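Lettering of chains follows the sequences in order, A, B, ..., and the numbering in each one begins at 1. Please read all numbers here as calculations on a predicted model, not as lab measurements.
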Amino acid sequence: MKTIILKTASKYLLPLLLLFSVFILLRGHYLPGGGFVGGLIASIAFVVYAFANGLEQTKDLLRIHPGYLMPVGLLIAFVAGISPMFLSALPFMTGEWFAEPLAVIGMVGSALFFDIGVFIVVVGVSLTIIFTITESA
Amino acid sequence: MSLYDYLYFILLPVLSVAMILLFVRFLLGPSIADRVIALDLLITTGIGIIAIYSIITDQPTFLDIAMILALIAFLGTVAFSYYLEKRNKNE
Amino acid sequence: MINHIVLYPILVQLFFAIVLLFAWNSVRLQKSISIFGCIVSLALSIWLFITIWTKGTLTIQAGNWEAPFGITFVADIFAATLVLLTAISGLAVSIFSAGTILRARFKFGYLPIFHFLLLGLNGAFLTGDIFNLYVWFEIIIISSFVLITIGGEKKQLEGAIKYFTLNILASMIFLTAIAVLYGLTGSLNMADLALKVAEIENRGLVEITALLFLIGFGIKAAIFPLYFWLPASYHTPPPAVMAIFGGLLTKVGVYALIRVFTLIFVGEDFLETIILSIAGLTLFSGAVGALVQNNIVKIFSYLIICHIGFMILGLGLYTEAAIAGAVFYLIHDIVVKTNLFMVSGLIYRIKGTFSMRDLGGLYAHYPMFSLLMIIPLFSLIGIPPLSGFWPKLALITESFKIGNYWLIGAVLFATFITLFVIARMWSEVFWKDGPVLNKVPNFRYFQLLNKRQKLQMIVPMVFLAMVSLYIGFGAEHIQRLSSRIAVELMNNQLYIEAVLNK
Amino acid sequence: MSDLFIAIIATLGTIFVLLAAIGLVRMPDTYLRISVTTKAATLGIGLILIAAAFYFKELSVTSRVLAIILFIILTAPIAAHLIGRASYFIGVKLWHKSVMDDLEGKYKKVTHELMSEDIEDESTAIINTIEETPNDTKNK
Amino acid sequence: MLIAILSGFLFAFILVFAGNDLKNKYAIVSAIVPFGLFVYFLQFTNRIAAGEVIKKTYQWIPSLNVNLGFTLDGISLIFALMITGIGFLVFVYTAAYLKGHHYLDRFYGYLAIFMAAMLGLVLSDNILSLFIFWELTSISSFFLIGFNNKEKSSRQSAVLALAITGIGGLLLLAGMLILGNVTGTYSIAEMLSSQSIISDSPHYIIIVLLLFGAAFTKSAQFPFHFWLPGAMKAPTPVSTYLHSATMVKAGIYLLMRFTPILGSTELWNTTLIIVGAVTMLYAAIHTIFRTDLKGILAYSTISALGILVFLIGLGTKDALLAACAFILVHAFYKACLFLVTGIIDHETGTRDTTVLSGLRKVMLPVAIAGILAAVSNAGIPPSFGFLGKDLIYESTLHMGDMAIVLTALAVLTNILLLYAGFVAGVKPFTGKLPSQFEKVHLPSYLMWAPPLILAVGGIVIGLFPGIVEGALIKPAVTALGANSGDIHLKLWHGFNTVLALSATTIGVGLLVYFVLKPSEKLVQLAQKFEIISPQHIVESLAYGFAYFSSYWSKIVQNGYLRNYIATIIIFLIIVVGYTLFNHTTFEIDYNSFAKLTVYEILTLVLMIVGILFTVFTKSRLAAVASMGVVGLAISLIFVYYSAPDLAMTQFSIDTLTVILFVLVLYKLPKYLNISNTANRIKDGVISIAFGSLIMVLALEVLSQPQNTETSSFYAENAYILAKGKNVVNVILVDFRGIDTFMEISVLTIAAIGVFSLLKLRLAKKFRDK
Amino acid sequence: MISRRFLSNILLTFVWVALTGSFGFLNFLFGFVLSFLIMWIITLNNGDEKYFKIIPKIIFFFLFFSYELIKANIQVAFDVVTPKFYMKPGIVKVPLDAKSDIEITLLANLISLTPGTLSLDVSNDRKVLYVHAMYISDKEKFINDIKQGFERRLLEILR
Amino acid sequence: MEFLLALVTGLLYAAGLYMMLRRSLVKLIIGLILIGNGANMLIFLLGRITKGLPPIIPEESKVFLEPYADPVPQALILTAIVISFGLQSFAIVLIKRAYKVVKTDDLDQMNSTDEYS
Ligand code: NA
Ligand code: NA
C-alpha cells in the first residue's frame, strides 16, 4: 500500500514488536506466552512491514527466505529433544537443566531451547504462508 | 460497594453492552469498512474488558492478552485495508 | 536403556525430514538422503521388531515422566510389526518415487513431506496416548494433503477437496471423542484409560464414546458408509503417492480401530453388532464399486475399501483367531496394495493411461513385468497359497462359529468379485492387444527412461513382490506373528502392565 | 481512596468506550464513524488500562500497561487512516449533509496515486460524490 | 512324493528362465516330466492293489492346520495315472501341435503347473491343501483357455470359466472350513471315522450343498455347464487334457472322495441323481445341435460327466464300480477324440463336421484312432466302452422301483452319445474326400501316435480287463467305501437284459447317426432356445447385477460432497443418538453449574449472533469478519474461565485465519446461494439434530463425576520437577512436548503445502493426462 | 551512522527493561544484546539522531495533546449522545509544511487522534494532507488551526 | 453457565455442519473452522471450567495454594488450535487454487473424480 504514514510507522513498529516477541517467548515458562505466541508476534511484525513496504523489501530485510527458518527451528527443537538421550541416557524430550537460574530468563534448560525452536518455526511458517499468498494474490 | 463489586456488576456489564452496540453496527454494515471498524472496536473494547477482569481476579497476567489483542487487531485492520484496496484495483 | 529404541523409528524419520528440508534445493541429494534414510529406518525397525519379538513389549516415557502423566510410547509386537511394514513400504516407495516423480514435484518438497508422512505413521503406531494419536493423525493428514495436491492439477484439486473435508471431519469427530473421554476419565494415556473406562458406571456414555471413535477412525479407515473420500481422491495423485496412500493410510485407521477396541472399549455387545454390519456392508459396497470401474487405479481404490471389510470383520468377530486373521490381512494388505499402485504406475509409464479400454498387450510385450505384476494381483485375490488367502480361513471359520452365514457370504462375495475384477483386468490390460494409442508428446514413457530410472521402478516392485511371496509361502511365520499379536491384543492387561507397571 | 480513584478512572474509561460504541451506531456515514470512534475508544481503553496499572502498583504491570497504551496510540490513527482511505477507494459515499469533499477526483483510479491537485482526465480519477439520498444507512 | 507333485511347479519355474531354448529346440524334452511321474505312480500299483494306503505328511502351516498331507489310495491312483499318463501324451502331442509357436514355453509352463496342481488335488489328504490345489487348477485353466489371448472370445471364455469355477472354489472353501470345524480335523482320513458326527450335525445340509456347488461348477453340471463349451477356445491339447480328461473330473473326484464321509443320505443321492441325469441328457441332446467338432465333444463330455455324477448318486456298489470304470473308459476315448479333432483342425483348418469327410485317404493312422475311439465310445464290443456301458446298465437295473426310469435315461443318453462319437470319430474319415482337402497330409507321428495309443489302449483293455481290474478298479471301489471283493470285469456276461440294452443302444444309435446329419439348420434351431438356456439366464443375472452395481455405486458415490458429509453425520446421529436415548439416563445437575453473569451472557450473545450471522450473511467478507467476532468472544470466554494462554492463541489464530481468508477472498467469486429451500430446511434439520446431540452429550458428561488425578499431578509438579510456573506452557514444552513438536511439524508441512500449491505449476508438457 | 544505531539500541534496551520490569545489570545487558541483535537483523537505515533531545519535548507535547484530546472528545461526545447532529462534516485539503516521513506521519496521526478530525491520506508529492473533519464551519479557520496548532508545535520539536 | 456453554458448543457444531452442507467452497472452509472451534469448546467445557484461577503458580510459591483450572484441556486445545490453523491455512489456499483451476466455487460441479470411467 502506498501510504507514507504506514510505511513510516512500520519501520518503528518492527523492532518494537520483535523485542516484544522475544519477551513473550522467554517468559512463557512462567507466565502466558511461549514460543508459539512469541513467534506469531514476530511474524506479525514482519507482515505489517511487508504490507507497508512490499514483499521485496521485507525479504531483503530478512536476508534469507523465511522458509529456511522452518528446518532451522525444527533442528533446534530436535537437538533440544534428543540432547538428554546423549547427555544422560534419558528418554527423548526429558528436561535437561543448567544448575543455576539465569538472570531475566530464570531456569534455562532444554525446554527453553525447544521453545526457541518453536518460535523460529512459527515465524518461518507464518511468513512463508502469508508471503506466498500475498505474492500470488 | 467494594471496588470488586463495582467493577464486576457495573463496569463489566456496561462494557459488554458497548460490545453489543458495536456488534449491532457490525451487523448493520452496510459497507465492509463499517464492519472492519466495528470489529476493530470490538477488539479494543475486549481489551478494556480484559483489563477490568484482571483487576477483578487480581491476575495481572491477563493484561498480556490485552497486549496481544491490540497487536493483532491492528494487523487485522491493515490486512482488511490491503484487501479492500487490492480488490478495488482489480475491478 | 534398550527401551530407547522404541522411539528410533520416529526420531529417524523426523531427523531425515528435517535434513531433507535443508537440502531443499538439490533434488539429487534429496533422493539419496531419502533412500538412505529409508534404509536406516528399515534397519532400525528390524532391530526394534526382533527386540520386541524376543523380549516382549517395550515402553518409553517421553520426557521421562512416569505414565500416565507424560506421553508414553509403546512398542508391543503389533506396533512393531506395523512399524516394520511401514519401513518396508516406505523404502519401496522412496525408491519408486526417485524414478517416477517429476522433478518439479521434488523441487517443492515432495520428499520431506513424504518422510513426515512416514513419521506420522510410525508415531501413530507407537504412541500410547490418545491425544498424541490425534496429533500423529494430523501429521499424516496434512502430509497426505500436501502430497495429494502437490502439482495442483484439476483432478488432484477436486479429489483433494473431498479428501480434505472428510478427513478433517473425521479428525473433528475424533477430537470430540477425546473430549468426551477426557471429561469422563480425566486421562489420556491409553493404558490408564483402559482401567478408568472399565470403572465408569454409565455404560451408555462409554458406548457413545466408542461409537465416536468408531466413526472418526472409520472415516479414515474407509468403512461403509464413511468411505466416500477414498474413491474420490485416491486415483488423483502420482502413482508413488497412491502407493503409500493405498498401502498405509487407511491402515492407520484400521490400526487405531483395532487398538482402541481391544484396549479401551472391551466387550460391548452392541458395538460388535454394528461393527459386523459395517464389515459386511464394506465388503459388499467396495466390491460392487470395483466391479463397475474401468480405470485400474479406481478399481484398486474400491478394492482397498472392500478389503478393509476383511479387517473390520476380524475385529467385529472379536475372537483371538479372528483378530489374528484381521492382523494377518492387514500385514498382507499393506505390502500388496503398495505394490499394486506401483504396478499401476509402471503400467501408466508404459502406456500413458490407466483406462482398461485403452490398455492392452502388456503380456505380449513385457512378459517378465507381467509375471512380476501377477504376484501382487493374485495375492490380492488371495489365490492360495499367496498371501491374501490365509487370513480368510480364520475369518470364515470364526463367522461360522458365531453362526452368521451372511458374513461368510460377504467374505466369499468380496473374494469372488476381486477374483473376477482382476481376471477381467488381466484379460483387458495384459492379454488384449489394445488400441494403438497416440504418443503423448513429452510424456516420459517407460521406454524413454534411462536405466537408473527403470531400475528405480522395478527394484521396489521386485522387493515387495518378494515380501508378499514370503507372506504367502511363509504363512506359518506370519500366522504365528498374527496369533501372538491377537493374544496380546485380546489380553489388554499385558499392555496395561507394560505401560503402568501395575 | 486508591480504590475510589481506580473506580473513577475506570468509569471514565468505560464511559468513553460506551460513547464510542454509541457513536459507531449513530453516526451517519463511515468516515464519521471512523472519526468518532477511533479516539474515544483509544482514550477509554487507555484510562481503563491506567486504572489497572494503579490497581496492581507493580513496575512490571505499569510498564506493560504503558506499552499497550503506547502501542494503541501509535496504531489506532494509522488503522483509521488505512480504513478511511480504503473506504474512499471502494466508493463509500459521504453523508448527504457533508459540506465539502476536497479529495474528489484526486486519486488515480488504477494506481491509487494521490495528487495534490485535480487530475485533468476525469476518467482516470476516482470520483466519489456526496451521497444524494438522505438515507443514512445506505451508503453504497 | 512332495517333490513329485511339485516337479510341475519347478519345471514351470525353470521355463520362466530357460523357456526360449525349449520353445525353439527341445520341446519334446518336456514330456519327460509327465512321463517320469507316470512311471513313478505306476510303481505304486502293486502296493495299492495289495490294499495299502500310502501316506506322507509334510508340515507347512501348522498354526492354520494346513499341511501337505498326501494320501495315495485307489481313487487317487486312478486319477494320478490318468493325469500323468494323458499328460505325457498331451505333452508329446503339443510339441508338434504348437511347434514353433512363439509362446510354446508359456504353454508348457501352464500345463506343467496344471498337472502339478491336479496331482496335488487328487493326492491331498488335508482338505485345505486340497482346496489350494483346486484353485490352482482353475487358475491354470484360466491361462490355458486364454492362451490365444488376442481373440476376444478366448479371453471372455477364460474369464467366464474362471468366474464359474471360482465361485465353486469359494463354495468349496466355505464347505471345507465348516466341515473341518464340525469334525475337528482337516484330514480326510480322520474324517472317515467321524461320519456320524457329520450326518447328525445341523450343518450337514450346508456342507453338502457347498460341496455340490464346488463339484457341479467344476464338473460342468447343469445348470453350471456352459463355461465348458466356451473353454474349447483353448488349444486342443488343453481341451483334451483339462476339459475332458482331468480337471473337469476334479468335481467327480471330490464327490467320490466324500462319498464315504457324506454319502448315503437322501439329500446326497437324490440331488446327485437328478443333477446327473438332467446333465447327461441335456448335454447329450445338445450334441445334435452342433456342427463344430469340439462343440460336439464338449457337450458329450458334459454328458459323460453327468453320467458319472448320476452313478455316484446311485451310490450302490455296482454304480460306484461303473463310475470307476467309466472314468477310465471316458478318459481313453474322449482324449483320443479330442486329439484327433485337433489333428483335423491343425491340418485342414476347419472343425466343421458338415464339410469334413473322407480324410482316411490322407491320414490313415488318425482315422484308425478316431474310429476305434468312436467304437469304444459307442460301447461296441470288444471295446473297453462296451464294458463300461454294461456296468452302467447293470447298476441302473438294480435300482428297484426307479430302475426302469433310470435305465431308460441311461439308454437314451448313450444313444445320443454314440451319435456324437460317430460324428466326431467316424464321419470325418468316411465318405468322399472333398477336393480342398486333397493336399492335406499326415502330420508328424508325435501328433498321431498319442491318439492312436489311446484308441488302441481302449480296445486292449476291453479285451483284457484284468489289466486294470485288480490294479486300479478294485482299490478304487474299496477307497469309495464299498466292498470290492467280488468284482470281476469281463466282456461277456451271457445273454441278459444288459446285453439287450447294449444292443438296443448300438442299434438305435447307429440308426440315428445315419439318419441325422449335422447341419446349420439344427444349429439355428438350437439358437432359438438360447433365451432359456442357463448361460443366457446367468448372463442376464450378471448383467442385472452389473447394472445394480453401477446404480448402487452411483447412489453411494454420487460426487456431491454435501451428500457425503450428510451421510456420515446422519449415520453418526442415528447410532449415537440411539445409544444416547436408550442407554443413558438424563440427570443433569444444574445446581453444580457456575452462576450466570450478565457480561458472560452478553459475551455469549455476541458469540451466538456472530455464529448465526456468519452462517446467514450473504457477503463472504462479512462472514469472514464475523468469524473474527466469534473468535473474540471465544477468547473472552477463555479469559473468564482461566485460560490466558488459550485466549491469546485462539485470538491470534482466529485473526490470522481471517487475514488469510481476506487475502485470498478477492480472487474468489461472490458467494453462491444455489441450494433451494427444501435443501436448506433438510440441512438445517440435520445440523440442528447434530448440534443438539453434541449439546446433550456434553451436559450428560458434565453430570458425571470428574477425575482430576492426572491434572493435579501436573499442577503439583510443574515447578518442582519441570521448573516452570505456567503449567500450560510446561505441559506444552515438557510433559507433552512431543505434541508440540508434532504441532510445529504440522505447521511446517502446511507451509510447504501452501508454498507448493501456489508456486508449483507443472509445465504443460509434464502434465499427466 | 554508528552513533545513530547505538542510540536506537540503547532506546530499545530501555524499552526492554521497562517491559520486563527488572532493572538489574544483567537484564540491562541482556536487553542490550537483544536489541543489538534485532537492530542487526533489520538494519534500520533511517533512524533519527536526536533521541535525547526529543524525549523531553515529547513529554511536553504529550501533555498538550492530552488536553486537546479530552476537550475535543467532550465536544464529540456531546454530539453523539444528543439526538440531533450539529456537525458539518467534509474532507478538507490541508497544505503541509512538514516534510520528512516522520514529521508527516506524526502530524497525521495526531490529527487523527483528536476527535472530530481524521487524516485520510497524504498526497504522493507530500504537499497536502486530506483531513476529514466533523465541524467545518469555516474552512480557512480550520486549516489555520491545524497549521498553527499541531503542525507548528510538532515541527518545533522535531526540527 | 455450563448449560449455555454447552448450547453454544452445540450451536458451533450445528452451524459448522450447516455451512459445510452448502455448496460453496468458501462456506465449506468456514464450516470446518466453526466445527473446529466447537470441538475446542467441547474439550474446554468437558475438562470442567473454573473461573478466574488460571493455572499459573504464583510468583512467591512453588505449588498452588488455591484451586486452579485444569491445565490439561488448555494444553490440548492449544495444540488442537494450532494444528487446525495449519490445516485451515492450507485449506484456504486450496480453495483459492481450486477456484483458479476449476473456475467455480460450486462444489456440485467438482465431481469429475467420482465419475465412472
Ligand atoms: Na520444563
Ligand atoms: Na502447542
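Between chain D and the options F:Leu113, F:Thr114, F:Val122, the largest number of non-hydrogen pairs under 4.5 Å is found for F:Leu113. With chain F as the partner, the residue from D:Leu43, D:Leu19, D:Leu32, D:Thr38 showing the most heavy-atom pairs under 4.5 Å is D:Leu32. In terms of non-hydrogen atom pairs under 4.5 Å with chain D, the most contact-rich of F:Leu110, F:Thr105, F:Asp121 is F:Asp121.
Enclosure of atom NZ in F:Lys139 by more than 12 non-hydrogen atoms of other residues, nucleotides or ligands within 6.0 angstrom is indicated. Residue F:Lys147 places its NZ atom among more than 12 non-hydrogen atoms of other residues, nucleotides or ligands, all under 6.0 Å distant.
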Handout entry: Audit row: D:Leu74, D:Leu70, side chain to side chain contact (heavy atoms under 4.5 Å, CB included) steps and yes/no
Key = CA-CA 6 Å; D:Leu74 199 61; D:Leu70 183 76; 5.5 Å; no

Handout entry: Candidate pair F:Glu103 and F:Arg126, rule side chain to side chain contact (heavy atoms under 4.5 Å, CB included), full reasoning
Key = CA-CA 11 Å; F:Glu103 287 166 6; F:Arg126 300 175 181 206; over 6 Å; no

Handout entry: Criterion side chain to side chain contact (heavy atoms under 4.5 Å, CB included) on D:Val65 and D:Phe54, from CA distance to verdict
Key = CA-CA 10 Å; D:Val65 162; D:Phe54 275 104; over 6 Å; no

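With sequence neighbours excluded, no residue forms a side-chain hydrogen bond (donor to acceptor under 3.5 Å, both in side chains) with F:Lys84. Listed by chain and residue number, B:Asp64 satisfy the side-chain hydrogen bond (donor to acceptor under 3.5 Å, both in side chains) test with D:Arg64 (two or more places apart in sequence, or in another chain).
For a heavy-atom cut-off of 4.5 Å, chain D lies close to F:Val128, F:Tyr130, F:His132, F:Met134, F:Ile136 in residues 128-137 of chain F.
The contact between D:Ile73 and chain F is made by backbone and side chain atoms together, counting heavy-atom distances below 4.5 Å. Residue F:Val92 touches chain D through both its backbone and its side chain, counting heavy-atom pairs closer than 4.5 Å. In this structure, chain F has a heavy atom under 4.5 Å from the side chain of D:Ala67, while its backbone stays farther away.
The list of side chain to side chain donor-acceptor pair (under 3.5 Å) pairs with a residue in residues 5-24 of chain D, not counting sequence neighbours, reads B:Tyr6-D:Thr11.
In this pair, F:Phe85 and D:Trp95 present their aromatic rings perpendicular. The plane angle is above 60°, beyond the 30 to 60° band.
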